[in-house]
Structures are given as C-alpha cells and as structure tokens.
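First the proteins, then the strands, lettered A, B, ... as listed; each starts at 1.
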Protein chains: 2
Amino acid sequence: MESIVSKVLDQVDIQILDILQKQAHVSNAEIARRVNLSSPAVHTRIKRLENEGYISQQVAILNPEKLGFDLLCFVFISSNIHHSEKLDVLEEAFRQMPEVLECHCLTGEYDYLLKVANKDRRDLQTFIRKLNKLGITKIQTSLGLREIKYSSVLPIWDGDEVDEGKFE
Amino acid sequence: MESIVSKVLDQVDIQILDILQKQAHVSNAEIARRVNLSSPAVHTRIKRLENEGYISQQVAILNPEKLGFDLLCFVFISSNIHHSEKLDVLEEAFRQMPEVLECHCLTGEYDYLLKVANKDRRDLQTFIRKLNKLGITKIQTSLGLREIKYSSVLPIWDGDEVDEGKFE
DNA sequence: TGTGAAAGAATGGGTCG
DNA sequence: CGACCCATTCTTTCACA
C-alpha cells in the first residue's frame with residue numbers, strides 16, 4: 001500500500017508509456033510481450049493512463065517536406081499589450097491560426113515564441129500581415145534552415161528511473 | 001504516362017492524412033465511413049502513404065506536467081565553430097541528448113534553437129554544463145512560462161485546397 | 001483502383017483467482 | 001491487481017470487376 005492519492009506509476013507503466021510515445025501503433029499484444037504481462041492487463045493499464053491524463057493524444061506525424069511545407073519559421077513577438085483581456089484575445093488568435101504549430105509564452109526579451117509552418121514566402125507574408133492586423137509591432141522572424149532533431153519523446157525512462165533490472 | 005514516381009495525392013488521401021494527424025487511433029473502418037470508401041481501400045491507401053513517406057511515424061503525446069517535466073526551455077546557441085566536421089559532432093550530440101526534444105538550425109543571431117525538457121532546475125543546470133563541455137560558450141536560455149498551443153498538425157486541409165500540379 | 005466476403009488478430013468487458 | 005474466457009470489432013488478404 002503506497003499512498004491514497006493516486007497510484008504512483010510503476011516501472012511497467014513507465015515502460016508502456018515509453019513504448020507508446022515512440023511507436024503508438026504497437027499492438028497491445030506486442031506490448032504485453034515486452035513487459036511480460038497479459039494483453040488485457042496492458043489494456044487496463046493503458047486505459048488508466050489515458051483516463052488519468054498521462055497520455056494526451058495519439059497522432060500521426062506527417063512529413064512536412066513531402067507535403068509542401070518548406071518554410072518552417074520561428075517568430076518572436078513582443079506585445080506591448082498589458083491588458084490581460086487583450087492578451088487572451090491575442091492568444092486565442094494564435095490558437096486559431098492553422099499555420100501556428102506551437103506558441104509559448106517565454107521569459108526574456110520577447111513575450112511569445114511561435115513555430116509556424118508555411119508553404120512558401122507568399123504564405124509567410126500573408127501570415128505576418130495577420131500578425132500586424134492583431135496590433136503586433138515588434139516581430140522578429142527566424143527561418144529554420146535545417147531540422148537537426150524533431151521529437152516529442154520525453155525522457156521518462158532516461159531520467160533516473162532507469163534500472164533495467166527486469167525481473168526474470 | 002504522367003509521372004513515374006508517385007501519383008499526386010487526391011482529396012481522399014488528404015482527408016485520410018488529416019484524420020490521422022489529429023487522431024491516429026481512429027480505426028480503419030471509421031475512416032472508411034468518413035471518406036465514403038471501403039475499409040480495404042483505406043487500408044491500401046494508408047499503406048501507400050506510409051511507404052511513400054507521407055506519414056513519418058505515429059506517436060502518443062504524453063502530458064509533460066503529469067510526468068514531472070515542469071521546465072520547458074528554449075536554448076539559443078551561437079557556435080563559433082566553423083569546421084563542418086565539428087558541427088556534425090555537435091549536432092549528433094544534440095540528437096543523442098534525451099532532454100533535447102527539438103533542434104533547429106536558424107537564420108539570425110543564433111545558430112541553433114533547442115527545445116529542452118527538464119524536470120527541475122538541477123536537471124537544467126546539468127544540461128547546460130553538458131553544453132559547456134561541448135565547447136559552446138554563447139548560450140541564451142529562455143524559460144517557457146506557459147504553453148499556449150502545442151500541435152504537430154500541418155494545415156494540409158485548411159491552408160487551401162492542396163492540388164499541386166507538380167510532379168513529385 | 002475499387003468492392004465484398006472471410007480468415008485471422010486484437011480489443012474490451014466480465015468473472016474468477 | 002492480474003489471468004482466462006468470450007463476444008465483438010478490426011485488420012488484412014483474396015478473388016473479381
């Protein structure tokens with residue numbers, strides 16, 4: 001009996017999460033083999049992990065270049081807006097723009113960092129005009145020249161839990 | 001004969017890709033219903049899309065906060081290295097580091113932008129020391145204060161009707 | 001390419017150790 | 001919690017158009 005709150009994740013949970021965050025399409029049965037459990041047991045655990053919010057979603061990662069998105073940009077924005085209501089409007093606008101893949105609020109010189117996927121320079125210009133219309137004046141745009149690494153894999157395994165003392 | 005390489009994607013392909021990039025777990029049969037095709041036809045198309053590289057991978061997105069990753073950072077790096085071999089070593093080092101989720105080569109003042117997931121300040125310090133050992137001197141780190149949007153969904157559907165007359 | 005049918009797996013619920 | 005069973009659903013192959 002550990003704690004009342006919510007079961008802490010055990011090694012098997014971590015293993016399952018790690019498999020799924022790398023290859024979501026691996027079958028239940030295959031996971032069961034790898035973690036030495038039965039397939040229904042794995043199923044139960046995955047459902048629990050989903051319900052408790054450890055797994056947010058499952059997605060297919062498409063190849064941007066094959067689909068014509070050659071222009072990945074990082075846009076740094078300083079908003080001189082300081083009313084929180086107006087900031088809410090601004091942020092909601094970012095969320096609604098399909099070319100904005102990510103938006104983060106940052107410390108430092110700029111308030112927001114946007115990751116933006118555009119097909120060509122014309123699309124990029126259209127996008128920047130949209131930003132101007134939102135009242136954003138201070139923008140700095142950096143072009144992504146080359147993607148060295150792109151992943152969503154959190155080091156849940158590598159961190160310090162690692163002890164591959166698999167029983168038997 | 002039009003193009004030898006690969007048939008251009010049609011509307012149904014785009015629809016399938018769009019469904020999968022948002023919800024990878026949707027069953028073949030369900031997709032078939034949505035695009036008005038039979039289940040085997042959808043299966044064939046998805047296999048083709050995978051083989052031709054339109055779909056790179058399928059992953060589960062985990063919840064960073066639930067897993068103790070409260071410190072998302074963006075690290076800007078200027079390398080004063082100009083030998084391409086040494087740059088290769090550097091980039092490979094970035095790829096190997098599990099806390100580095102993304103690494104992009106950028107235009108602008110800094111050469112590299114890294115997105116880094118750490119659990120706490122101690123981990124962050126450890127990470128920055130690793131960078132120093134690699135000979136990196138000019139580093140600027142911005143903390144992610146809040147995530148406004150996080151997505152890998154390319155606007156293949158929303159942007160405009162994808163109907164390129166380009167071969168390959 | 002597409003469809004329909006059919007075999008072979010995997011999923012998901014229930015019950016019992 | 002986990003294993004086993006069972007009905008249901010999904011995947012994947014095949015003949016055929």
D:dT11 phosphate, OP1 or OP2, under 4.0 Å from B:His43 side-chain N/O: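 Answer is no, no contact under 4.0 Å.
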
Length of the line joining B:Ile46:CD1 and C:dT1:C1', which is rounded to integer Å: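 Roughly 16 Å, once rounded to whole Å.
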
Rounded distance (Å) that lies between atom P of C:dG12 and atom CD1 of A:Ile31: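 Checked: the CD1 to P distance equals 12 Å.
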
Side-chain donor/acceptor of A:Lys149 to backbone N/O of B:Met97, under 3.5 Å: yes

Where A:Val8 and A:Asp13 come nearest, the two heavy atoms and their spacing: O-OD2, 4.4 Å

Show me the protein contacts with nucleotides 6-10 of chain D, counting only N or O atoms at under 3.5 Å.
none

Distance, rounded to the nearest Å, where A:Leu20 contributes CG and C:dT11 contributes C1':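 In whole Å, C:dT11 C1' and A:Leu20 CG are 15 Å from each other.
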
For atom CD of A:Gln11 and atom P of D:dC1, their distance in whole Å: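 Answer to the nearest Å: 14 Å.
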
Presence of A:Arg45 side-chain N/O under 4.0 Å of D:dG2 phosphate oxygens OP1/OP2: yes

From C:dG12, D:dA3, C:dT3, nucleotide with atom closest to B:Ala41 side chain: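 Of C:dG12, D:dA3, C:dT3, C:dT3 is nearest to the side chain of B:Ala41.
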
B:Lys47 NZ to D:dC14 P, straight-line distance once rounded to whole Å: 15 Å

Geometric class of the B:Phe94/B:Tyr112 ring pair [parallel <30°, tilted 30-60°, perpendicular >60°]: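 Plane angle over 60°, so perpendicular.
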
Minimal non-hydrogen separation, B:Val42 against B:Ala32, with atom names: CG2-CA, 3.6 Å

Rounded distance in Å - CG (A:Leu9) to P (D:dC1):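 Roughly 11 Å, once rounded to whole Å.
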
For atom CG of A:Leu37 and atom P of C:dG12, their distance in whole Å: 16 Å

Closest approach of A:Leu106 to B:Gly144 (non-hydrogen atoms, all atoms of both residues): CD2-CA, 3.7 Å

Polar contact flag, side-chain donor to acceptor under 3.5 angstrom, A:Gln96-A:Glu92: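 Result is yes, a qualifying pair exists.
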
Salt-bridge criterion met for B:Arg34 and B:Asp18 (N-O under 4.0 Å):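 Salt bridge between B:Arg34 and B:Asp18, a charged N being under 4.0 Å from a carboxylate O: no.
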
Rounded interatomic separation in angstrom, taking NE2 from A:His25 and C1' from C:dT11: 17 Å

